[in-house]
Amino acid sequence: MTDKGPLVRGVVFAAGYVVVVQNAGIPVAVKLSFLALTLVLAAISGVRLIRSGGRVPRGMGLGVVLCVAVLAVSFVSLVWTPSTDPQDWLRDALTYIFFPAAVLIGLEFGLTASRRQVFALLWSVGAFGALAFTVTWLQRRGAEGVDIESFGLASSFVPIPAIALGLGVFCASTRIRMLPLVGAIVLSGVLILSGGRTIWVYLAVGFLVAACAALLAPGRALRVGILLSTAVAAASAALALSAALAGGIAADRVQWFSRVAENGWAAFSNDGSAVERVRAQEWAHQLWLADPVWGRGWGQPFQSVTTGVVTGSIFTLDSPLIVLVKVGLVGTLLLAIALVSVFGSALRLTRTDREVRAHLVVALAMTAVLTLNGFPLENRGFSIFAFCLIAQAAVASRTPAPRPTEPQLLGVSRA
């Protein structure tokens with residue numbers, strides 16, 4: 001009888017994470033309970049993986065150990081010199097705690113669940129994440145006719161694995177499969193409705209990388225043509241739908257790219273969001289110079305980039321330098337090694353599965369764009385992103401290596 005434990009742990013973590021972690025309507029006690037449950041699930045997964053004998057790739061094991069080490073040192077410092085509120089520390093370090101847990105749960109889930117089960121969970125998480133993201137941001141931007149309350153984690157990192165999966169399967173499969181591409185196009189269109197400008201950039205990168213992958217597959221000209229034409233058609237449809245459903249927010253905000261092309265830096269200097277991001281970079285750089293080696297730790301509030309006031313509720317800045325501020329050069333180096341080890345190991349696991357390998361490459365390329373907005377581990381959605389990619393890589397590791405073609409007379413193999 002097949003052990004259903006890893007499947008249950010994976011589903012509970014994924015479903016709970018996207019619903020609980022960033023939901024303002026859920027009490028803090030429930031969120032803390034989910035964190036405790038996640039740590040228990042991760043401990044069970046870790047013990048079972050170790051006992052199964054060599055099922056934890058060295059890169060992933062190293063990444064988990066380094067993350068835990070950085071957290072442990074920071075926690076000891078918190079206890080030894082209690083200058084920070086423990087609740088603030090926990091709130092700020094939350095995503096760093098979830099990440100190693102997500103790696104262990106995702107690895108065991110992918111090594112046990114079927115390919116169909118893993119794909120189904122990724123698509124479910126992606127669809128939920130795309131809807132939650134768009135609803136949340138349309139509300140924040142005052143869209144007309146959007147009366148639905150925010151209901152889950154609003155992060156681009158949540159739907160990216162599903163979009164990348166659709167693109168990877170379409171571009172790298174042995175035969176052209178339209179359904180995965182349609183799924184990726186639909187989720188991309190939902191994200192475009194939110195009016196986010198960064199979305200256009202990382203989707204463009206994802207589709208470009210996918211097109212490059214399609215050039216290596218049979219029927220490459222047809223695949224690239226279908227990919228690009230459907231992308232343009234879907235973007236146009238999303239913009240038209242935005243005018244009908246959300247007051248044209250997406251269409252209005254995408255005009256910013258035209259203004260940048262026409263006016264250059266003047267378009268940036270007149271844009272409030274761009275000005276705030278530049279300000280965040282400057283502040284993060286100044287704060288890091290105050291303690292460049294060790295950082296000031298988690299749990300210290302930041303000024304609002306809008307008002308310049310420290311409110312006690314802002315614990316990050318939209319800058320990739322923010323990790324240097326918090327854990328200094330030493331901690332940043334260890335965390336960077338951890339990320340490279342985990343995802344490098346994931347890529348190595350996919351060497352016998354072209355579809356999943358293409359999926360991981362597309363997803364990581366899209367993530368590189370988001371890194372410009374902030375260090376990945378600062379984002380609430382990064383842990384579920386890691387869970388999805390690790391589960392996919394683990395499934396791919398179970399794909400049999402293709403058998404070498406048997407040489408025949410005149411170099412022609414059997415059909």
Side-chain angles (χ1 to χ4, degrees), residues 2-11 13-14 41-42 44-67 99-126 160-162 164-174 177 180 209-210 213 216-217 337-365 367 382-404:
T2 305
D3 183 7
K4 300 294 184 182
L7 177 61
V8 172
R9 285 189 285 275
V11 172
F13 171 75
L41 296 180
I44 294 173
S45 294
V47 170
R48 288 171 59 90
L49 286 167
I50 293 172
R51 286 182 175 177
S52 62
R55 301 190 76 188
V56 180
R58 283 185 296 178
M60 292 188 189
L62 175 62
V64 169
V65 169
L66 289 177
C67 286
F99 175 72
V103 171
L104 293 174
I105 298 172
L107 179 61
E108 189 198 23
F109 173 66
L111 289 172
T112 308
S114 69
R115 191 181 185 91
R116 184 184 298 272
Q117 289 169 333
V118 174
F119 278 29
L121 184 59
L122 258 68
W123 282 114
S124 300
V125 168
I160 280 180
L165 174 61
L167 295 177
V169 171
F170 173 77
C171 293
S173 57
T174 54
R177 299 167 61 184
V209 173
L216 304 176
I337 293 173
L339 292 177
V340 172
S341 298
V342 167
F343 292 109
S345 181
L347 283 170
R348 286 191 293 273
L349 290 178
T350 65
R351 58 183 176 271
T352 61
D353 193 318
R354 290 183 57 202
E355 294 179 2
V356 175
R357 190 175 186 84
H359 160 233
L360 261 67
V361 171
V362 173
L364 292 173
T367 302
F382 188 69
S383 292
I384 195 67
F385 169 88
F387 168 85
C388 292
L389 263 63
I390 298 306
Q392 279 284 71
V395 164
S397 71
R398 294 154 52 194
T399 302
R403 297 179 62 183

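Side chains included, hydrogens not; waters and symmetry mates left out as well; all remaining heavy atoms used.
We find the CG-CG distance between L360 and D353 to be 10.0 Å, quoted to the nearest 0.5 Å. Taken from SG in C171 to NE2 in H359, the straight-line distance is 12.5 Å, to the nearest 0.5 Å. Taken from CD1 in I44 to CZ in R9, the straight-line distance is 5.5 Å, to the nearest 0.5 Å. Remark: L165 CG to Q392 CD distance equals 5.0 Å, nearest 0.5 Å. Interatomic distance, L389 CG to T367 OG1, rounded to the nearest 0.5 Å: 7.0 Å. Considering OG of S397 and CG of L107, their distance stands at 8.0 Å, rounded to 0.5 Å.
When side chains are defined from C-beta on, F387 counts as touching I384, because their heavy atoms get closer than 4.5 Å. Proximity of T112 to R48: side-chain heavy atoms (C-beta onward) are nowhere separated by under 4.5 Å. A heavy-atom distance below 4.5 Å is not found between the side chains of V56 and V64.
Between the side chain of S45 and the main chain of A42, no donor-acceptor pair closer than 3.5 Å is present. With R357 contributing its side chain and L347 its backbone, the two residues share a donor-acceptor pair below 3.5 Å. Under a 3.5 Å cut-off, the side chain of R351 and the backbone N or O of R348 do form a donor-acceptor pair.
Ring orientation note: the planes of F385 and F343 are tilted relative to one another, at an angle of 30° to 60°.
Taking all atoms of both residues into account, the shortest heavy-atom contact from R115 to V356 is NH2-CG2, 3.7 Å. Across all non-hydrogen atoms, the minimal contact from P6 to E108 is CG-OE2, 3.4 Å.
Residue R398 qualifies as enclosed at atom CZ: its count of foreign heavy atoms under 6.0 Å is above 12.
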